[in-house]
Amino acid sequence: GLLGSDRSKWVLLAFPLAVGAGAWAGALLPESQAVYYMVLASFILLGVLVAGALRISRAIFISLAVLVGLSHGAANANTDLSGWPLFLYASGVTLAAYLLIAIATGIAVVVARQSQWGPIAVRAAGSWIVAVGLVFGSYTLMQA
C-alpha cells in the first residue's frame, strides 16, 4: 500500500500463484525445516520493509512476493493428498491467498491515502508484523 498501486497490482497475480505452487510442491516433496525458517524470515523481512517504508524496485518486490508465497504455500501443504484432491486443495489455497492479498493491499492503499496519519498507521501495522515474526521465531526456537 505504501509503494502504490503500480507495484501492488503485480503482487495480486504473483503471490497467489506462488502460494498455490508452493502448496503443490510442498505436498509432493519431502518436508523440510528450511521452509519454516523461510516463513519466519518472511514475517520479519516484510514487517521491516513496511515499518521502515523502504522503497524497493518492482523486480525485488515481486521476487519477494513469490518467495514468500512459495514458502507459505509449502509450509501449509497437505501431504496426504494427491491427484484431483491435491489440485482442488491447491486451487482453494490459491484463491484464499488471492483474497487475502487483495483485501490487505486494498486496505493498505485506502488507509495510506486517507489522511496524514494513513501511512503512519500502515507502518505501525508493519511493526506488528515484525513482532509476530519475533514471537513466532522465539516459539520455534524453543521447540527445537
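Values below: all heavy atoms of this structure, side chains included; hydrogens, waters and symmetry mates excluded.
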Ala77 versus Gly26, closest heavy-atom pair with distance: CB-C, 3.4 Å

Is there side-chain contact between Ile56 and Leu64, with at least one heavy-atom pair below 4.5 Å? yes

Residues Trp24 and Phe87: closest non-hydrogen pair is CZ3-CA, 3.3 Å

Quick check: is Leu100 connected to Phe136 through a chain of hydrophobic side chains (ILVMFWY, heavy atoms under 4.5 Å apart)? no

Between Leu70 and Ala18, which heavy-atom pair has the shortest distance, and what is it? CD2-O, 3.4 Å

Find out if a path of hydrophobic residues (ILVMFWY) with successive side-chain heavy-atom gaps under 4.5 Å connects Val50 to Val110. no

Leu13, Val19: one ILVMFWY side-chain cluster at the under-4.5 Å cut-off? no

Would you check, one step at a time, whether the test side-chain contact (heavy atoms from CB on, under 4.5 Å) holds for Phe61 with Val11? CA-CA 8 Å; Phe61 186 53; Val11 172; 3.3 Å; yes

Got a second to check how far Ile60's CD1 is from Leu49's CG, nearest 0.5 Å? 9.5 Å

So, do His72 and Tyr36 have ring centers that fall under 6.0 Å from each other? no

State the CG-CG distance between Asp80 and Leu86, to the nearest 0.5 angstrom. 11.0 Å

Between Val39 and Phe43, is a side-chain contact (heavy atoms from CB on, under 4.5 Å) present by the stated rule, with each step listed? CA-CA 7 Å; Val39 169; Phe43 275 104; 3.8 Å; yes

Can you tell if the side chain of Ile129 reaches within under 4.5 Å of the side chain of Ile44, non-hydrogen atoms only? no

Checking the side chain of Ser71 only, and the main-chain atoms of Val68 only, is there a donor and an acceptor separated by less than 3.5 Å? yes

Nearest heavy-atom approach of Val35 to Ala75 is CG1-N, 3.5 Å

Looking at every non-hydrogen atom in both residues, tell me the closest pair between Ala97 and Pro16 and how far apart they are. CB-CA, 3.9 Å

Heavy-atom closest contact (Ala51 atom, Ser127 atom, distance): CB-N, 3.7 Å

Rounded at 0.5 Å granularity, tell me how far CG in Asn76 sits from OH in Tyr89. 6.0 Å

When rounded to the nearest 0.5 Å, the distance separating CG of Leu54 from CG of Leu45 is 9.5 Å

Can you hop from Val66 to Met38 via hydrophobic side chains spaced under 4.5 Å? no

Would you indicate whether Tyr98, at its atom OH, is surrounded by more than 12 heavy atoms from other residues, nucleotides or ligands within a distance under 6.0 Å? no

Is there a path of hydrophobic side-chain contacts, each under 4.5 Å between heavy atoms of I/L/V/M/F/W/Y residues, joining Leu17 to Ile101? no

